[in-house]
There are 2 protein chains.
Amino acid sequence: MAEQGGGMSGLGCLGCSLRQRNEWCVLSEEETRILSRNLKKRQYRAGETIFSAGEPSHGIYCVVSGAVAIRKGDGEGNAVLLRLAYPGDTLGYRGLLLGENRRYSAEALGPSKLCFVDQTVTRLLLDRNSALGRQFLRRIAADMDEAHDHLVRNATLSNRGKFVYLLLALMNRHGRTASDGSRFMELPLSRRDLASMIGARHETLSRIIGRLEEDGLARFSGRTVHVIQPHSLFREIRPPTLLD
Amino acid sequence: MAEQGGGMSGLGCLGCSLRQRNEWCVLSEEETRILSRNLKKRQYRAGETIFSAGEPSHGIYCVVSGAVAIRKGDGEGNAVLLRLAYPGDTLGYRGLLLGENRRYSAEALGPSKLCFVDQTVTRLLLDRNSALGRQFLRRIAADMDEAHDHLVRNATLSNRGKFVYLLLALMNRHGRTASDGSRFMELPLSRRDLASMIGARHETLSRIIGRLEEDGLARFSGRTVHVIQPHSLFREIRPPTLLD
DNA sequence: CTCAAAATTTGACCATCGTCAATTAACCCG
DNA sequence: CGGGTTAATTGACGATGGTCAAATTTTGAG
């Protein structure tokens, strides 16, 4: 039998700290118990596939811990890493709403826990609690904004700019600040995946990384990155157009 | 007093042919009347701004006729044309859901009619008819898919490829087929806007267009485009990887 | 620990793209 | 219709990015 809930043993979702921060927060205590009883929590190994593009949607996933890569192909072998999902994020709501097959794949980047909520349960809860629907609307609207911002950056920035932006974004999630103000992190992605996130070849990314090191903006060693002066990176993508 | 409804005089929204095809189709006759009484229909001239990024959202817009450009800036003067909206499309729902200011601008490309529905009315209807919320969810989910596809294309295709794709998409909306199978259309956009849609400079677009003409794939004259063999254009973006 | 496979880096080379500048064409207001 | 402004094209050139190939490093299975 699958473990239930997100946190301490018997409490189920009620004890899940994530509940405060995602759409399920509007559920009553009883509704939360329904959710608890009907979800399947599962641990994924690094690299394991959670679901794949093209297969039917049976429900949604909620990231509990770890990080998940959202990949989408163009039908010709080329696959792009669209975004990363983190604890509190909900995946695969599109199938729930449109009843279509999955349009992208989800893969655990490292060891990750996800909760699966079947369609029937979600629909039941959506019917019982209209606020839940509103929460989903907000979630999607926010995702939409993010996608639009992404589109604008892609149209505006050079590959180097896009990568710098990506680095800063990853740093926000994965970085730690040292006592001297410099920041460092362990990259959750291979170079190939980093390259696919900015729509460039991995060879190109290698060179971009090389140039960033030459320019003294960052130091790369395997998956470890040190950014000495985060400010300098910011300047890269926010050029001194007007006085800032 | 603003005109009401979308079609023949007294019928209001009930007579609006668009209603069949957008989210409002789930409203009852009485709810539709409420909608009719509370919307403001307005004609916009070519180039006229419907709303601008940064200003507060007071409601949503429904495109009745014409075409609308959705523009989004990156905060540094660079503005990108994200997409075009056509009759039946709903604009600006994000503000309704998140209560935030507009994140993009909307501008009439040619003479266009739009209906404005105030927040309070939309919320009233959303409360009365829960199916309406579901419709909005579907709408946004579909928009989301489109945005993701856009992201994948941007990461995958060259500028030429992106432009060919754009041409074919515009052809679907604006094109007519001649007796010999060739297609032609009047472009709804300036070269600059076309360029910004594919994230390229207008000089680059000029050269892409030049090369497409050299290659005999299309003929451009002002805003008129002739595509002799639509198949050849398709081949551009769907290379003969495997046997098709 | 060892070895093979996969990932990453590097080089060479060419195509594409952006920038600056100059020209030409199209458009709008009066 | 004219004049001025904006849009579009073209050229030159440097910068960036993609492709192919080879070398090097890292990773993972056994």
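Below, chain A is the first sequence line, B the second, and so on; all start at residue 1.
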5' to 3', nucleotides 19-30 of chain C under a 4.0 Å protein heavy-atom cut-off (B base, S sugar-phosphate only, - none) gives BB----------
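Following rounding to the nearest Å, A/Leu187 (CG) and C/dA7 (P) show an atom-to-atom distance of 16 Å. What separates CG of A/Asn159 from C1' of C/dA15 is a distance of 15 Å, to the nearest Å. Rounded to an integer number of Å, the gap from A/Ile209 CD1 to C/dT8 C1' is 9 Å. Put simply, CG on B/Leu157 is 14 Å from C1' on C/dT16, counting in whole angstrom units. Remark: P of C/dT8 and CG of A/Leu189 are 10 Å apart, rounded to the nearest angstrom. Between the CZ atom of A/Phe220 and the P atom of C/dT8 there is a distance of 13 Å, rounded to whole Å.
For the salt bridge (Lys or Arg N to Asp or Glu O under 4.0 Å) test, residues two or more places apart in sequence or in another chain that qualify with A/Asp193 are A/Arg71. Residues meeting the side chain to side chain donor-acceptor pair (under 3.5 Å) test with B/Tyr93, sequence neighbours left out: B/Asp143. Residues that satisfy the side chain to side chain donor-acceptor pair (under 3.5 Å) test with B/Ser52, not counting sequence neighbours, are absent from this structure. A/Thr224 pairs by the side chain to side chain donor-acceptor pair (under 3.5 Å) definition with A/Glu186, not counting sequence neighbours. Under the salt bridge (Lys or Arg N to Asp or Glu O under 4.0 Å) criterion, B/Glu100 pairs with B/Arg94, B/Arg103, not counting sequence neighbours. Annotation: salt bridge (Lys or Arg N to Asp or Glu O under 4.0 Å) contacts of B/Arg191 (sequence neighbours excluded): none. In this structure B/Ser65 satisfies the side chain to side chain donor-acceptor pair (under 3.5 Å) test with no other residue, sequence neighbours excluded.
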Set out, in order, the CA-CA distance, both residues' side-chain angles and the distance that settles side-chain contact (heavy atoms from CB on, under 4.5 Å) for A/Ile70 and A/Ser105, then state yes or no. CA-CA 6 Å; A/Ile70 306 301; A/Ser105 314; over 6 Å; no
Run the side-chain contact (heavy atoms from CB on, under 4.5 Å) check on B/Val68 and B/Ile50 step by step: do they pass? CA-CA 9 Å; B/Val68 175; B/Ile50 296 156; 3.9 Å; yes
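Residue A/Arg192 is in base contact, counting any heavy-atom pair closer than 4.0 Å across all strands shown.
Atom CZ of A/Arg21 has 12 or fewer heavy atoms from other residues, nucleotides or ligands within 6.0 Å.
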When the side chains of residues 154-177 of chain B are checked against the rest of the protein, which donor-acceptor pairs come out under 3.5 Å, sequence neighbours left out?
from, atom 1, to, atom 2, distance (Å)
B/Thr156, OG1, B/Val152, O, 2.9
B/Ser158, OG, B/Arg160, N, 3.4
B/Ser158, OG, B/Gly161, N, 3.1
B/Asn159, OD1, B/Lys162, NZ, 3.4
B/Arg160, NE, B/Glu236, OE1, 2.9
B/Arg160, NH1, B/Asp215, OD2, 3.0
B/Arg160, NH2, B/Asp215, OD2, 2.8
B/Arg160, NH2, B/Glu236, OE2, 2.9
B/Lys162, NZ, B/Ile198, O, 3.4
B/Tyr165, OH, B/Arg153, NH1, 3.1
B/His174, NE2, B/Tyr86, OH, 2.7
B/Thr177, OG1, B/Arg183, NE, 2.9
B/Thr177, OG1, B/Arg183, NH2, 3.4

Pairs under 3.5 Å (N/O, protein and nucleotides 1-6 of chain C):
none

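A salt bridge links B/Arg42 to B/Glu48: at least one charged side-chain nitrogen sits closer than 4.0 Å to a carboxylate oxygen. Ion pairing between a basic and an acidic side chain is recognised when a charged N comes within 4.0 Å of a carboxylate O; B/Asp89 and B/Arg139 show such pairing.
On the nucleic acid side, DNA chain D contacts chain B at distances under 4.0 Å to non-hydrogen atoms, with the end points of that region at D/dA8 to D/dA12.
Comparing the helix axis at one end of the helix from C/dC1-D/dG30 to C/dG30-D/dC1 with that at the other, each defined from 5 consecutive pairs, gives an inter-axis angle of 60° (nearest 10°).
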